[in-house]
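Below is one structure, written out as structure tokens; the observations come after it.
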Amino acid sequence: MMAEAGRDFIRDIVQADLDAKKHSVIVTRFPPEPNGYLHIGHAKSIGLNFGIAQEFGGRCNLRFDDTNPTKEEQEFIDSIQADVKWLGYDWGKNLFFASDYFEKLYEWAEGLIRAGLAYVDDQSQEEIRQARGSLTEPGKNSPFRDRSVEENLDLFRRMKAGEFPNGARVLRAKIDMASGNINLRDPVLYRILHAHHPRTGDKWSIYPSYDYAHGQSDAIEGVTHSICTLEFEDHRPLYDWLLDKLPVPSKPHQYEFARLNLTYTLLSKRVLTELVRGGHVAGWDDPRMPTIAGLRRRGVPPAAVREFIKRIGVAKANSVVDVGMLEFCIREVLNQAAQRRMAVLRPLKVVIENYPEGQVEEIEAVNHPEDPAAGTRRVTFGRELYIERDDFMENPSKKFFRLSPGNEVRLRYAYFITCREVVKNAEGEIVELRCTYDPATRGGNAPDGRKVKATMHWLSAAHAKRAEIRLYNPLFTNANPDAANFTADLNPRSLEILTDARVEPDVAAPNPAEAMQFERQGYFVRDKDSTAERPVFNRTIGLRDTFAKEVGKA
RNA sequence: UGGGGCGUCGCCAAGUGGUAAGGCAGUGGAUUUUGAUUCCACCAUGCGGAGGUUCGAAUCCUCCCGCCCCAGCCA
């Protein structure tokens, strides 16, 4: 049932390299910058990198790309590790930081200067930008491009010593200001940043750029296949140039794949950060967020995320995956794993008129219809019950075969009941149903073989526990939300809170099973906001609902 | 209009010259004490377009069209 380990162009390359004996062991790495929480897009990269390491008997390093202290925080370093672990991946002892290599990177930079391949540029940021040219025009050489090695070395050392303010100078690679590839127009290797780094503190006042740090870090770690997203394709010539000029211990190769996009979802770090900062969601782990923390709190099992990652594949074409694909994977995993319980989200009282007042009985219910090993439990039946408001229609449409006046239905595991009377309040709202039951149908089958078209869930009014249930809908109303103006596409009904729901008593206990299916409703998990007197449940995902679809058509 | 990529079913995605995998969605049906699950069937004479090469082309060639990325001292 679970898909086989996928095959894709990157795995094909890895296999070919192995066949050609280019490497004895495959080394990959997942290199997040600790400037935010991980989201499902990162899960694709994690699944690819750790997956390849597993499948080909290699290893995958977790390396933090912490080269910009102005954006990075310990909180993110911690959350990222927790999220990768939760997804089910293990980097073992291979936890690294680009900042571990600052000393070596600096040494190599001096080497570049000595070789006449790098220079200190005194131009302002604006001047550098102007001189870079445009997409169609070549750039101009910096007036400082031909400084002597001695002067460059002196200046670079003083940059390191903290003698100059932020932005005063940069170290640039001397490549080609006329290159059609703008990344090769003397890219910045080091910038002055008087900033506190979460790991190196105030030791450094210059920091390497991504382009300078990344490939060299890969080389130091012996990474064989450095896998990143498409936007770095243009950086590969620079990646290779540096590896070629520097005395690195190994020669990694960079490969690029298309990042994940999902319908009704935005995955840019900028948008996610604004969603949190702007109070549009309750935090990085808000169950509506596409973050790993959000999915976890929502009740999505890690196996479902892994399954999803396998199913969507890896390619170079930009694409937008239907979020329905993720939902399918969640249901697939949960259907097998989740124990069944009954919960009434929007209660409607039912009084069984011919059931003896004060009488109560215990009825056996199975915990999982396809897994006898999950066992059974007892639910209490009595004269006063709650059923789902949606399960009753006073004037039923032709396709509605749940409860309606005069109609007989089955209460799951219990009895057949027939609706005899609808009780309304002064406003005309239905407040109670008077029904009768057939004692001969105990357990849910009629001895005379008579059939019923609907089976409904229910709860004893006296025994059910009150609970808060949170229903989640897509954060955006637009299948392809506008990242530049995302607030316009925000779904005002992304969160619906039901405060008067009822659940079986045991699910309200402090330590219920991880995920549960509330029968005929969907999959739910207990939320961390729960208290002893008020348990809270998140709806992870609803069940497939072809009836709702039918109603929608009409 | 410089450079780098990408275009195969509504959505993902295999395919690498021998006559279009698979999954999701959808549709029809069977089973069902969850309108769930499960099961079965259907769902691209067609591979962005036009030419060409070939016995044979999604795969090779030419031209064209469309989309994405790059002008941070972000990653």
Side-chain angles (χ1 to χ4, degrees), chain A residues 3-4 6-8 31-33 35 65 67-68 70-71 121 123-125 128-130 132-139 166-172 178-185 187-193 206-207 209-211 213-214 228-237 256 258 263 269 310-329 331-332 335-336 340 342 365-366 369-370 399-402 410-414 416 441 443-445 451-457 479 517-522 542-551:
Chain A
E4 292 299 309
R7 271 292 158 185
D8 53 70
E33 182 188 15
N35 67 345
D65 226 330
T67 57
N68 186 352
T70 65
K71 295 188 171 179
D121 196 341
Q123 292 183 106
S124 68
Q125 189 162 355
I128 288 178
R129 191 178 67 74
Q130 293 288 347
R132 188 148 29 225
S134 72
L135 293 181
T136 52
E137 300 157 324
N166 287 357
R169 288 177 232 265
V170 290
L171 182 73
R172 293 229 258 169
S179 173
N181 181 345
I182 290 172
N183 294 113
L184 260 21
R185 320 245 261 228
V188 169
L189 268 23
Y190 271 92
R191 73 278 211 187
I192 297 170
L193 242 36
I206 56 172
Y207 289 90
S209 62
Y210 162 86
D211 282 309
H214 205 91
C228 61
T229 43
L230 252 27
E231 66 269 27
F232 293 103
E233 243 170 344
D234 288 345
H235 295 239
R236 186 165 9 109
E256 310 86 11
T263 56
K269 206 165 290 192
K310 257 193 304 207
R311 281 175 185 265
I312 58 174
V314 178
K316 296 189 73 161
N318 287 312
S319 60
V320 182
V321 176
D322 190 331
V323 74
M325 188 90 88
L326 208 213
E327 296 175 343
F328 170 84
C329 295
R331 290 193 184 102
E332 183 182 47
N335 175 48
Q336 296 175 55
R340 289 5 19 172
M342 292 195 283
V366 306
E370 280 138 46
K399 293 233 174 121
F400 185 88
F401 46 80
R402 272 111 93 151
R410 170 167 42 229
L411 291 183
R412 189 155 161 100
Y413 301 121
F416 284 11
T441 58
N445 282 306
K451 301 291 183 200
V452 97
K453 291 182 84 174
T455 298
M456 296 170 15
H457 58 97
Q517 181 192 100
F518 288 162
E519 290 198 275
R520 302 207 306 134
Q521 300 285 182
L543 256 27
R544 263 184 92 232
D545 190 351
T546 50
F547 173 64
K549 215 171 292 174
E550 198 66 37
V551 170

query = At under 4.0 Å between heavy atoms, what does A:Y413 touch on the DNA or RNA strands: base, sugar-phosphate, or nothing?
reply = base
Interatomic distance, A:E370 CD vs B:U31 C1' [rounded to whole Å] = 12 Å
inquiry  = Within the 4.0 Å heavy-atom criterion, would you say A:I312 contacts the bases, only the backbone, or no part of the nucleic acid?
reply    = sugar-phosphate
ask   = Between A:L189 (CG) and B:G72 (P), how many Å, whole number?
value = 17 Å
key: Watson-Crick or G-U counterpart of B:C74, or none if no pair lies under 3.5 Å   = none
task = Whole angstrom is fine here: how far is it from CD in A:E332 over to P in B:A36?
result = 17 Å
request  = Measure the distance from CZ on A:R331 to P on B:U38 and round it to the nearest whole Å.
outcome  = 11 Å
query = When only distance counts, do a donor and an acceptor, one from the side chain of A:R340 and one from the base of B:U34, lie under 3.5 Å apart?
reply = yes
task = Ignoring hydrogens and angles, state whether a donor on the side chain of A:T455 or A:R412 is under 3.5 Å from an acceptor on the partner side chain.
result = no
message = Need the pair for B:C43. Rule: Watson-Crick or G-U wobble, both distances under 3.5 Å, any strand; none if unpaired.
response = none
request  = Scan A:K399 against the nucleic acid and name what it touches under 4.0 Å (heavy atoms): base, sugar-phosphate only, or nothing.
outcome  = base
inquiry  = Tell me if a side-chain donor or acceptor on A:R185 pairs with a main-chain N or O of A:S179 at a distance below 3.5 Å.
reply    = yes
task = Answer with base, sugar-phosphate or nothing: what part of the nucleic acid does A:V323 contact at a heavy-atom distance below 4.0 Å?
result = nothing
query = With the threshold set at 4.0 Å, does a side-chain nitrogen-carboxylate oxygen contact exist between A:E233 and A:K316?
reply = yes
request  = Could you tell me whether the side chain of A:R129 has a donor or acceptor atom within less than 3.5 Å of a complementary atom in the base of B:G72?
outcome  = no
task = Please state whether the rings of A:F232 and A:H235 are parallel, tilted or perpendicular, taking 30° and 60° as the class boundaries.
result = perpendicular
query = Where each residue is assigned the nucleotide of RNA chain B containing its nearest heavy atom, which of A:G313 and A:I182 is assigned the position nearer the 5′ end?
reply = A:G313
query = Just how far, in rounded Å, is P of B:C67 from CD of A:E233?
reply = 19 Å
query = Any sub-3.5 Å donor-acceptor pair from A:S134's side-chain atoms to A:T136's backbone N or O?
reply = yes
Comparing A:N318 and A:L230 on RNA chain B - which has the more 5′ nearest nucleotide = A:L230
query = So, do A:Y210 and B:A75 meet the stacking rule of ring centres under 5.5 Å and planes under 30°?
reply = no
query = Is there a Watson-Crick or G-U wobble partner for B:U37 with both distances under 3.5 Å, and if so, which one is it?
reply = none
inquiry  = Pairing check on B:C60: which nucleotide meets the Watson-Crick or G-U wobble criteria with it, both distances under 3.5 Å?
reply    = B:G52
message = Let's test your reading of the model: under 3.5 Å, does the base of B:U34 pair with the side chain of A:Q517 as donor and acceptor?
response = yes
query = Which whole-number value in Å describes the distance from A:E137 CD to B:G3 C1'?
reply = 14 Å
task = Round to the nearest Å and state the distance from A:K316 atom NZ to B:G7 atom P.
result = 10 Å
query = Is there a donor-acceptor contact under 3.5 Å from the side chain of A:T263 to the main chain of A:V323?
reply = yes
note = Taking a pair to mean Watson-Crick or G-U wobble geometry with both distances below 3.5 Å, B:C24 pairs with B:G10
key: Presence of donor-acceptor pair under 3.5 Å, side chain of A:D234 and base of B:G3   = yes
